[in-house]
Amino acid sequence: MADSGSEDIAVIGNTDLTPSESENNLKNTMVEKGTSLLKKMEISVAEAEKRTGKNAVNMQETYTVYLIETRPVDAASEGTNPVPDSLWRRYSEFELLRNYLLVTYPFAVVPPLPEKRAEFVWHKLSADNMDPDFVERRRVGLENFLLRVASHPALSSDKIFYLFLTEENGWKETVFETGFQAKADSRLKALNATFRVKNPDKRFVEMKHYGDELQSVISQLLRVRARAADRLYGVYKVHGNYGRVFSEWSAIEKEMGDGLQSAGHHMDAYAASVDDILEEEEHYADQLKEYLFYSDALRTVCRKHELTQYELEMAVQDLTSKKQQREELATGTIRTFSLKGMTSKLFGQETPEQREAKLKMLETQIEEGEELVKERNSECDEFVKSAWVDIERFKEQKDHDLRESLISYAIMQISMCKKGIQVWNNAKECFNKM
Amino acid sequence: MSASVVDNTVSSGNSSVAIPTDISGQILDLDEDDDLEVFSKDTSTTQTDGSSFNASMQTSPASMINQYKFEEEEEDADTKDIFVTVDNPESHVTAIETYITYRVETKTTRSEFDSSEFEVRRRYQDFLWLKGRLEEAHPTLIVHPLPEKFVMKGMVERFNEDFIETRRRALHKFLNKIAEHPIFSSSEDFKIFLTAGSGELTSHKKQGPGFLSRMGETVKAVAAAVRGVRNRPQEFTDMQEYAEAFSQKISSLDKVTQRIVREQKEYLEELKECGPTYALWSQSEQELAEPLKNVAGCVDNCCKETEEQVKHLNDHLIPVLHEYVLCADTLKMRDELDKAEDRLEWANNALKTDWTRWQKVMRTDLRSAFIDTAERNVSYYEKCLAVWESFLQSQRTDAEGNGNVDSS
């Protein structure tokens, strides 16, 4: 597709691309990058439905479920269109899946879920979770999430993920049986605790800062955009008043009547056009939001690196101190001040037998300590290696996706301008007839 | 001089009137209407001194009709023979007050003017005076409004640049409307306004009610004589109803447009923050830095265009709408002139003709103002379109340059 010519890079050249087509292009990119899973299976979140039921505390609640459809790739390309396998899942189950992936693949930048509650809304957009527009955008976001996981080199081959897509019943139990929650709790505690690591990998430190900056700037952009959208809405809608007044005015005029009346219609059309414009912009906002949440996942990975590095450093520190103790005991010299040393000086030395016993214990501990350091060292190394690979993969994906988003934003602006040109040209024709 | 300027005989000091009838026929274009001859004949005897006018007062209303009749043809732009400009505001400080004067430049080929070019300085008070005189002399005709004495809302300082410019434009339009009006443009007061030195103007102002208002008195007297005309012409009522409705609509349009300007300004405020945010983001990125900076530039450009568009609305559409709001107020006030003379005037067709003329002018003015606005809006969107298309273009060449198969 790198050939020259006006129809070459269809995405960029075609300014009439709609946001849904643009999203399709995104999906196609993911499929092309190709994991073994996606090569076999087509995944989509086809529908959303409202359900009511009793919750954990036996209270009636209303919630939304989403239909996940899977279809073998070969069947579709053969021309036959078999009925896809499908099952229903609710948002909380997606969350469970994600938490499982977070714990099980700590080195991975795990794709984010669409937001739980609507944020960065401009006033006309509903912040209600039950609002059909919100549900629709969430459906798209969930599909996106599944496709991202399915195109991730490591995550896509996960059994639990596969079952999530294919096994409706008993999936939850299976997840819990992996015992990931125990790991989750301890990990969470460790991550939240404050600790100071002496020698983190510089690249990860930089990445963490980048994650912070990305989060901050995208939040700001989303806020500003929402406020501007609000204002733009006002500008367009006030033009609707022109429509009304022109219409009323045309009633009292003879020659000007027709021109005014039809001009008024165009003003109404102009006012109405803003709804579609802003709906399209919402897609763009969603794309930005995905990377806002991704920045969180990125920071999590960096933090995990710090944790493993810290644990290594702790083990090394511990080993060093034990070795020192052994030396002191063996040579009888006290290098460092210790209360024990002082008391023994004051109250008499230990017996040779006691010393022997202590030394033996220390030796064992040192052996164990060395094993631990070796273990933690390799853990750290492996983590750094695989995490960095995934971070690089993420960077490439982010650069590509965000560039596409900016392009689709430009396309949206162009479309808005074209509509404006058309409406005002039409209005001008009508004014000419006045 | 165009044929329709037959009424120049109404104003005093008309050079053609000073010439005896037979010669005036030679000086004027022979294509011109016979009416012109009639006028010259009728009034030549009255111009020499005021008292002889009283003699013509004895004439029947019929001859009065003649004196007010004028051609209904629209003046062709090509036949425009007087060009008035208002510009160059200057501030004057005296012991008592500070005020602004405007330069009024006149270029004309009309023979009743002593020269073809005049330049005077006038202040707002002078314009007010002129308007007053025209209204006095022609109580039933529509005089174009002046910008308001004080601007109430927003309490704009009187000597603020924008205010002065807006006022200058309105004064310019006012004089041009007078110049284009078949009756007003031959007013003696108008001529003095355009040509007299400030001393001469002051003394002219001091003169008692002139020939013109005596004309007004005459009309009232004649009207008294024909008192008893009961039925108000239907057209008069229609006109008043229209005036009321028109006033409402034009006020609404004025308000709507002002609201649009407000909303656009607020939109602009928010949009102004978008560009810098994209620029800030570009500082954290590598591959994305260039497209982000590019987008920041595009947004900033669109901001500039939006600013221009708002300015245009403010400077062009709003003043015109506002003018007609004031016009509509004038129209409505004429309802008070529910005196017999109006009915007489109506019967004379003068009022009706002026009314028709006004409607045509209004239609032209508003139509061109709206067309202008529509064109400006198209231009705004076209410029923004170009901005974003150049961004797409740059991304396309980037992709080709890097051998990037970015698109799927």
Side-chain angles (χ1 to χ4, degrees), chain A residues 1-2 4 8-13 15 25-26 28-29 32 210 213-214 217-218 220-221 224-225 227-228 230-232 234-235 238-239 241-242 245 248-249 252-253 255-256 259 263 395 398-400 402-404 406-407 409-411 413-414 416-418 420-421 424-425 427-428 431-432 434, chain B residues 241-242 245-246 248-250 252-253 255-257 259-260 263-264 266-271 273-274 277-278 280-281 283-288 291-292 294-295 298 302 363 366-367 370-371 373-375 377-378 380-382 384-385 387-389 391-392 395-396 399-400 403-408:
Chain A
M1 289 184 89
S4 58
D8 54 350
I9 305 178
V11 176
I12 303 172
T15 59
N25 286 332
L26 223 63
N28 291 339
T29 316
E32 264 175 31
Y210 171 75
E213 283 168 8
L214 189 67
V217 84
I218 293 186
Q220 189 178 323
L221 189 58
V224 170
R225 190 212 73 87
R227 286 203 300 261
D230 222 0
R231 291 295 167 205
L232 191 66
V235 171
V238 176
H239 280 81
N241 286 316
Y242 271 155
V245 179
E248 291 169 10
W249 184 14
I252 62 171
E253 296 290 343
E255 293 112 341
M256 295 206 287
K395 277 203 286 194
K398 164 201 61 117
D399 286 341
H400 172 271
L402 287 175
R403 188 162 163 275
E404 290 294 314
L406 292 176
I407 288 171
Y409 180 71
I411 292 175
Q413 297 304 304
I414 287 174
M416 179 175 93
C417 290
K418 282 187 177 166
I421 290 171
W424 285 104
N425 266 330
K428 182 177 137 186
F431 289 138
N432 261 321
M434 259 168 75
Chain B
E241 275 176 15
Y242 174 85
F246 176 78
Q248 271 178 23
K249 299 312 153 206
I250 203 75
S252 293
L253 284 180
K255 286 202 199 93
V256 169
T257 311
R259 175 87 189 274
I260 288 177
E263 297 282 342
Q264 276 279 51
E266 292 188 345
Y267 170 64
L268 190 59
E269 284 310 301
E270 302 299 345
L271 198 64
E273 302 203 23
C274 274
T277 309
Y278 280 107
L280 178 66
W281 187 357
Q283 288 172 15
S284 313
E285 297 287 344
Q286 277 136 7
E287 284 296 308
L288 283 177
L292 283 171
N294 209 323
V295 168
C298 289
C302 287
R363 192 167 139 215
L366 291 178
R367 173 176 57 208
F370 284 125
I371 290 176
T373 303
E375 283 177 347
N377 286 345
V378 168
Y380 163 72
Y381 280 116
E382 282 175 344
C384 291
L385 181 74
V387 164
W388 289 108
E389 280 194 332
F391 170 75
L392 281 190
Q395 296 308 301
R396 190 186 313 184
E400 283 172 11
N404 244 342
V405 191
D406 268 333
S407 56
S408 18

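All values below were derived from every heavy atom in this structure, side-chain atoms included, with hydrogens, water molecules and symmetry-related copies excluded. So that the names make sense, note that chain A is the first sequence line, chain B the second, and so on, each numbered from 1.
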>> To the closest 0.5 Å, what do you measure between OG1 (B:T373) and CH2 (A:W424)?
In response: 7.0 Å
> How long is the gap from NZ on A:K398 to CG on B:L288, to the nearest 0.5 Å?
Replying inline: 5.0 Å
> Is B:E285 salt-bridged to A:R403, cutoff N-O under 4.0 Å?
Replying inline: no
> Relative to chain A, which of B:L268, B:N294, B:V295, B:T257 shows the most heavy atom pairs under 4.5 Å?
Replying inline: B:T257
> How about B:L271 and A:R231: do any of their side-chain heavy atoms sit closer than 4.5 Å?
Replying inline: no
> When only pairs under 4.5 Å are counted, which of A:N432, A:N425, A:I421 shares the most heavy-atom pairs with chain B?
Replying inline: A:I421
>> Do the side chains of A:R227 and B:E273 get close enough for a salt bridge, i.e. N-O under 4.0 angstrom?
In response: yes
>> Which one wins on heavy-atom pair count under 4.5 Å against chain A: B:L253, B:I250, B:L366?
In response: B:L253
> Partners of B:W388 by ring-ring contact (aromatic ring centres under 6.0 Å, His included), sequence neighbours excluded?
Replying inline: A:Y409
> How far apart are the closest heavy atoms of A:A228 and B:Y267, and which atoms are they?
Replying inline: O-CD1, 3.5 Å
> So, for A:G234 and B:E263, which heavy atoms are closest and what is the spacing to 0.1 Å?
Replying inline: CA-OE1, 3.7 Å
> Do you know which of B:E241, B:Q264, B:Q248, B:Q283 has the most heavy-atom pairs with chain A at a distance under 4.5 angstrom?
Replying inline: B:Q264
>> Rounded to the nearest 0.5 Å, what separates atom OH in B:Y242 from atom CD1 in A:I252?
In response: 5.0 Å
> Does the pair A:Q413 and B:V387 meet the rule for a side-chain contact (heavy atoms from CB on, under 4.5 Å), with working shown?
Replying inline: CA-CA 10 Å; A:Q413 297 304 304; B:V387 164; over 6 Å; no
> Who wins among A:L402, A:N241, A:V245, A:L221 for the most heavy-atom pairs under 4.5 Å with chain B?
Replying inline: A:L221
>> What part of B:L292 gets within 4.5 angstrom of chain A, counting heavy atoms only: side chain, backbone, both, or neither?
In response: both
>> Given heavy-atom pairs under 4.5 angstrom as the criterion, report whether the side chain, backbone, both or neither of B:Y380 touches chain A.
In response: neither
> Do A:D230 and B:E270 touch side chain to side chain, with heavy atoms closer than 4.5 Å?
Replying inline: no
> Roughly how far, to the nearest 0.5 Å, is CD of A:E253 from NZ of B:K249?
Replying inline: 11.5 Å
> Counting heavy atoms not belonging to B:R363, are there more than 12 under 6.0 Å from its CZ?
Replying inline: yes
> Which region of B:F370, side chain (C-beta onward) or backbone (N, CA, C, O), has a non-hydrogen atom less than 4.5 Å from a non-hydrogen atom of chain A, or is it both or neither?
Replying inline: both
>> Measuring from atom CE of A:M434 to atom CD1 of B:I371, what distance do you get when rounded to the nearest 0.5 angstrom?
In response: 8.0 Å
> Which bit of A:Y242 is near chain B, if near means a heavy-atom gap under 4.5 Å: side chain, backbone, both or neither?
Replying inline: both
> Quick one: CD1 on B:I260 to NE2 on A:H239, what's the gap to the nearest 0.5 Å?
Replying inline: 3.5 Å
